[in-house]
Amino acid sequence: MTLKVYNTLKREKETFVPLKAGKVGMYVCGPTTYDFIHLGNARPLVVFDTVRRYLEYSGYEVDYIQNFTDIDDKIINRANEVGEDPIQLAARFVEEYFQDAKALNVRPATIHPKVSTHMGDIIAMIRKLEEKGHAYEMEGDVYFSIPSFKDYGKLSGRSQEDMQAGARVEVDERKRHAMDFALWKKVKPGEPSWDSPWGKGRPGWHIECSAMSQKYLGDSFDIHGGGQDLIFPHHENEIAQSEACTGNAPMARYWLHNGFITVNQEKMSKSLGNFFTLRQILKKFSGDVVRFYLLSTHYRSPLDFDDTKLEAAQKGLQRLRTGRRLLEEALKDAARQSGNRRPAAQREKLADQWTKTKHDFCEAMDDDFNTALALSLLFDLARETNAFLHGGEGLGAEDLELLRHVAETFDQLAGVMGIELAETAEAADDSLVDGLMDLLISLRGEARKKKDWATADKIRDGLKELAIIIEDTPQGARWKKG
RNA sequence: GGCGGCAUCGCCAAGUGGUAAGGCAAAGGUCUGCAAAACCUUUAUUCCCCGGUUCGAAUCCGGGUGCCGCCUCCA
């Protein structure tokens, strides 16, 4: 099977072929750390973390680089507002970022480079651009010269003429071309600054990604990811800087861009004021519900946000978890393992579904990471597994072996999506709670034997208040955290 | 004005030429003391509209309508 990815550069799906066999170099634009991330920021984190997991599942060794923009106008402005040192403020939100990422089960990148610790690399690249005639200095500022790079516009599909006509920003008169952009900004009073050949100053926004991706992944690498709004100007400018600097093209072979989160069909953004921070959302829903919700739509489609969507995601995820739990109980319940194996037809039906699931899952993910389809396959497998368990009492050795395979597949495939279905060890390992629950359940069992429904229901309702659900089964009552 | 995307059941959503996945919600049934969970059954002759190509289109082409995004910091 071959992986196909939609490449923004070509505007079509292409077969993915890495530069080096068995290895993938991947760069994803990370956040500017001046505040908590919002849900819109969370989407690329989850999407590209899933891309990474699937590449690894497919056997690739992945070098995953995600930067932090820790020097920037927004950071300086925020720092001035709250009276905090900008470098310190940025560092603080880097820490907060890692907490959010962990809640979403987003693994740390191989390397998380920061602008503030790569000044030498950035300055060296600007100098090289200057030497090659792609950059010019004006009174301490350095600009990239658009006309010096003939491919400018190839990612976003604009011609240089289009852009000149469409330029609405106030044009700095000193620039040679309206669209020339800053590589280095001369220091202003009260701003953090670094020494450079052009005097004190700080880097422009785009140069960091060119310098840092080159440092860690080389002149040319496999995948560059980010949100659709970065296509222009950010990624267009990265291409100009990197390819002008090295003379090699392409900077990245595959450009992947995720769609936006919208609220009432409008883009969620800070300027519209319609954003929700991840922290706000995590007060009502767990990180894996948010992750499940984000992956339930293809990554390039827009995704509309509201609570009802997350509630639906929560219930769907719960259904998968229940299926996984019933499976675990069957595997552990010695009483059911009576040796009366199921009819072969029943077993074959489940075995077929199991085989089909593994195959179709890869096919779905190979088709430009179709996580929505991939997740639906887990539902199909869950239904078939539940039906199998529902279809009789005893389980023979062959049945158990099959169920163990199914359980393993559930965990593996859900793991590719970054979702834990099996109860985690830490959640299961609470002997005090277990002991108390055993006691309550046995008391309730005695009440039920005496048909004392009032007492039995009081215990069940009381526990429900504490978010513990009691379910009666022919094998006795069981409980779970709601 | 330039460039791009989207329109599929009440809601979400997959499906790029072969006769509409999946989830949530809803209805009926099995199980249950009642529940819960699970299972079974039902719920789009139809994919924004109008033409066209084709043996055959949600899927391709043309036109229209509506919505959204980028072109300025933004994931």
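No hydrogens, no waters, no symmetry mates; every other heavy atom, side chains included, goes into these values. Quick caveat, the model's predicted, so the values are computed rather than measured.
More than 12 heavy atoms of other residues, nucleotides or ligands shown are found within 6.0 angstrom of CD on E12(A). More than 12 heavy atoms of other shown residues, nucleotides or ligands fall within 6.0 angstrom of atom CZ in R478(A).
Put simply, OH on Y293(A) is 9 Å from P on rA13(B), counting in whole angstrom units. The distance from atom CG of D304(A) to atom C1' of rC67(B) is 12 Å, rounded to the nearest whole Å. Counting to the nearest Å, the P atom of rC12(B) and the CD atom of E311(A) are 14 Å from each other. If you take CD of Q318(A) and P of rG22(B), they are 21 Å apart, rounded to a whole angstrom. Rounded to whole Å, the distance from CE on M268(A) to P on rA75(B) is 13 Å. Atom P of nucleotide rU72(B) and atom NZ of K74(A) are separated by 15 Å, given to the nearest angstrom. What separates CG of L303(A) from C1' of rG69(B) is a distance of 15 Å, to the nearest Å. Between the NZ atom of K267(A) and the C1' atom of rC68(B) there is a distance of 11 Å, given to the nearest Å.
Cation-pi geometry between K114(A) and Y97(A) is not met: the NZ or CZ atom fails to fall both under 6.0 Å from the ring centre and inside 45° of the normal.
Taking side-chain N and O atoms only, K315(A) has a distance below 4.0 Å to OP1 or OP2 of rA25(B). Between N386(A) and the phosphate of rC39(B), there is a side-chain N or O to OP1/OP2 separation shorter than 4.0 Å.
Using a 4.0 Å heavy-atom distance criterion, G259(A) is classed as a base contact. R444(A) comes within 4.0 angstrom of a nucleotide base, judged by non-hydrogen atoms across all strands. As judged by a 4.0 angstrom heavy-atom cut-off over every strand, D380(A) is placed among residues touching the sugar-phosphate backbone only. S269(A) comes within contact range of at least one nucleobase, with a heavy-atom separation under 4.0 Å. At a threshold of 4.0 angstrom between heavy atoms, the contacts of H234(A) with the nucleic acid are absent. Looking at heavy-atom distances under 4.0 Å, I231(A) makes no contact with the nucleic acid at all. At a threshold of 4.0 angstrom between heavy atoms, the contacts of E471(A) include nucleobase atoms, whether or not backbone atoms are also involved. K451(A) comes within contact range of no nucleotide atom at all, as no heavy-atom separation falls under 4.0 Å. Residue contacts shown for L45(A) are absent, as no nucleic acid heavy atom lies under 4.0 Å away. Across all strands shown, R319(A) has heavy atoms under 4.0 Å from sugar-phosphate atoms exclusively, and none from any base. Among the atoms of the strands shown, base atoms are found under 4.0 Å from some heavy atom of F260(A). Residue contacts shown for G40(A) include a base, since a base heavy atom lies under 4.0 Å away. In this structure, L375(A) reaches neither bases nor backbone, as no heavy-atom distance under 4.0 Å exists between it and the strands shown.
Rounded to a whole angstrom, the distance from the P atom of rU32(B) to that of rC47(B) is 45 Å. Atom name C1', nucleotides rA14(B) and rA7(B): the rounded distance is 15 Å, in whole Å. A distance of about 34 Å separates the P atoms of rA35(B) and rA13(B), rounded to the whole Å. Rounded to a whole angstrom, the distance from the P atom of rC61(B) to that of rU72(B) is 30 Å. For rA44(B) and rA36(B), the P atoms lie 26 Å apart once the distance is rounded to whole Å. Here the separation of rG4(B) from rG62(B), taken at their P atoms, is 13 Å to the nearest Å.
Side-chain atoms of D306(A) stay outside donor-acceptor range of the base of rC11(B), with no qualifying N/O pair under 3.5 Å. Residue-to-nucleotide contacts include a donor-acceptor pair under 3.5 Å from the side chain of D457(A) to the base of rG33(B). In the interface, the side chain of R460(A) is paired with the base of rA35(B) through a donor and an acceptor atom under 3.5 Å apart.
Of the two residues contacting RNA chain B, namely D472(A) and G316(A), the nearest-nucleotide position lying further toward the 5' end is that of G316(A).
Between F36(A) and F93(A), the ring planes are perpendicular. Angles over 60° get that label, and only those under 30° would be called parallel. Note on ring orientation: taking the six-membered ring where Trp is involved, the planes of W255(A) and H257(A) are parallel (angle under 30°, cut-offs 30° and 60°).
The only member of N370(A), N258(A), D368(A) that meets side chain to side chain donor-acceptor pair (under 3.5 Å) when paired with Y299(A) is D368(A).
With respect to D100(A) and R279(A), a salt bridge is recorded, a charged nitrogen being found less than 4.0 Å from a carboxylate O.
In this structure, the ring of H206(A) has its center no less than 6.0 angstrom from the ring center of F144(A).
Distance from the side chain of L326(A) is smallest for rA37(B) among the nucleotides rA37(B), rA21(B), rC70(B).
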